[in-house]
Novice: 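Once you've had a glance at the structure underneath, I'll fire off some questions.
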Amino acid sequence: MHFWLFKSEPKTFSIDNLKKQPQQTTCWDGVRNYQARNFMRTMQVGDRGFFYHSNANPPGIVGIVEVVKTAHPDFTAWDMHSPHYDADSTPEHPRWFMVDVRLVEKFDRCITLDAIKQHSQLRSMQVARKGNRLSITPVTPAEWQTVLTLDNPRSDRSSR
DNA sequence: GCCAACGTTGGC
DNA sequence: GCCAACGTTGGC
């Protein structure tokens with residue numbers, strides 16, 4: 001299993017929107033970048049991802065999702081009324097794909113981009129790099145674990 | 001609203 | 001195949 005980071009602008013689709021979906025599940029449509037698409041095509045059911053709010057105040061990681069369906073054609077690409085319409089993608093030859101994700105957990109508080117950049121173990125995360133624009137990025141197991149300790153700072157003194 | 005960084009497009 | 005122009009992303 002692998003770890004990922006999914007970006008979304010909360011004005012478009014927030015973690016609270018996901019929470020309200022049936023089964024708290026959504027198809028991650030609208031990705032129109034080849035590198036991000038290729039990452040999605042490698043995802044397996046059971047892979048986990050951070051839900052990241054971009055263009056937010058503050059930007060940061062707000063929760064965890066789980067891949068529940070592997071990549072399948074993004075039908076919004078052939079919907080002329082969709083903002084993500086792409087005339088070069090057809091049902092016969094789909095160009096864009098999406099995975100389905102289910103909400104696992106919404107964090108009590110946002111792990112802000114600022115906190116990520118401040119953290120010696122996290123500042124190398126792709127999302128923290130200057131000029132990063134990829135909406136789907138891989139996360140290493142070490143980064144994953146470190147973010148989880150930030151979500152629950154007391155986990156390292158769980159005896160009390 | 002600004003603008004740096006990046007990906008894509010299209011003329012040549 | 002090069003690269004300038006353009007559109008988009010996303011932090012600030």
Side-chain angles (χ1 to χ4, degrees), chain A residues 2-21 26-43 47-67 70-101 103-140 142-151 153:
Chain A
H2 290 95
F3 299 112
W4 309 94
L5 181 142
F6 294 79
K7 264 188 212 172
S8 184
E9 301 195 18
K11 267 174 279 184
T12 306
F13 189 82
S14 71
I15 195 161
D16 288 325
N17 293 137
L18 176 57
K19 204 169 181 174
K20 289 182 214 137
Q21 296 296 309
T26 191
C27 39
W28 202 263
D29 64 303
V31 171
R32 296 292 180 270
N33 170 285
Y34 289 104
Q35 211 179 336
R37 179 202 69 179
N38 294 344
F39 282 137
M40 281 202 293
R41 296 185 78 167
T42 72
M43 290 182 188
D47 279 9
R48 295 218 158 181
F50 290 130
F51 195 117
Y52 178 90
H53 278 171
S54 62
N55 255 316
N57 192 10
I61 297 169
V62 290
I64 293 175
V65 296
E66 179 172 8
V67 175
T70 55
H72 53 105
D74 182 345
F75 50 80
T76 66
W78 56 71
D79 171 6
M80 282 189 55
H81 302 294
S82 165
H84 305 297
Y85 174 69
D86 179 356
D88 293 332
S89 186
T90 64
E92 294 74 31
H93 294 101
R95 170 182 290 192
W96 304 112
F97 290 79
M98 56 191 178
V99 294
D100 291 4
V101 299
L103 181 66
V104 172
E105 178 188 355
K106 180 188 171 183
F107 291 162
D108 291 335
R109 55 198 170 77
C110 176
I111 312 292
T112 64
L113 178 60
D114 186 56
I116 291 168
K117 285 178 170 172
Q118 298 289 329
H119 198 291
S120 60
Q121 316 278 286
L122 295 180
R123 58 170 142 257
S124 57
M125 283 184 79
Q126 269 190 243
V127 74
R129 292 183 199 162
K130 191 176 180 185
N132 159 72
R133 288 173 48 185
L134 257 192
S135 61
I136 309 271
T137 51
V139 169
T140 69
E143 290 163 348
W144 183 268
Q145 287 304 324
T146 303
V147 170
L148 293 190
T149 64
L150 290 187
D151 170 51

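Here is how names work: the chains are called A, B, and so on, in the same order as the sequence lines, proteins then strands, and each is numbered from 1.
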Novice: How long is the line joining NZ of A/K7 and C1' of C/dT9, in whole Å?
Specialist: 7 Å

Novice: Using only side-chain N and O atoms of A/Y52, determine if any of them is under 4.0 Å from OP1 or OP2 of C/dT9.
Specialist: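 No, A/Y52 has no side-chain N/O under 4.0 Å of OP1/OP2 on C/dT9.
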
Novice: With a 4.0 Å cut-off, would you call A/D86 and A/R95 a salt bridge?
Specialist: yes

Novice: Write down the distance between CG (A/D86) and C1' (B/dT9), rounded to a whole number of angstrom.
Specialist: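 Roughly 13 Å, once rounded to whole Å.
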
Novice: What's the CG-P distance between A/N33 and B/dT9, to the nearest Å?
Specialist: 11 Å

Novice: Can you give me the closest heavy-atom contact between A/E66 and A/R48, atom names plus distance?
Specialist: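 A/E66 and A/R48 have their closest heavy atoms at OE1-NH2, 3.5 Å.
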
Novice: Using ring centroids (six-membered ring only for Trp), state whether A/Y34 and A/W96 fall under 6.0 Å.
Specialist: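 Between A/W96 and A/Y34, the centre distance is under 6.0 Å.
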
Novice: Please give, in whole Å, the distance from C/dG11 P to A/K11 NZ?
Specialist: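 In whole Å, C/dG11 P and A/K11 NZ are 11 Å from each other.
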
Novice: Output the rounded distance in Å from CZ (A/F39) to C1' (B/dG7).
Specialist: 15 Å

Novice: Of the nucleotides B/dG7, C/dG10, C/dG11, which one has an atom closest to the side chain of A/Q35?
Specialist: B/dG7

Novice: What's the CD-C1' distance between A/Q126 and C/dG10, to the nearest Å?
Specialist: 16 Å

Novice: May I ask you to say what A/K117 touches in the nucleic acid, namely base, sugar-phosphate or nothing, with a heavy-atom cut-off under 4.0 Å?
Specialist: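 Touches sugar-phosphate only.
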
Novice: Quick one: does A/H53's side chain have a donor or acceptor within less than 3.5 Å of a partner on A/I15's backbone?
Specialist: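 Indeed, once roles are kept as given, a pair shorter than 3.5 Å links the two residues.
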
Novice: Relative to the 5' end of DNA chain B, which residue comes earlier, A/D88 or A/G131, by the nucleotide with the nearest heavy atom?
Specialist: A/G131

Novice: Which nucleotide wins on minimum distance to the side chain of A/L113, given the candidates B/dT8, C/dG10, C/dC12?
Specialist: C/dC12

Novice: Look at the side-chain N and O atoms of A/K130 and state whether any lies under 4.0 Å from the OP1 or OP2 oxygen of B/dA4.
Specialist: no

Novice: Take A/N132 and A/N55, find for each the nucleotide of DNA chain B with the closest heavy atom, and name the residue whose nucleotide sits nearer the 5' end.
Specialist: A/N55

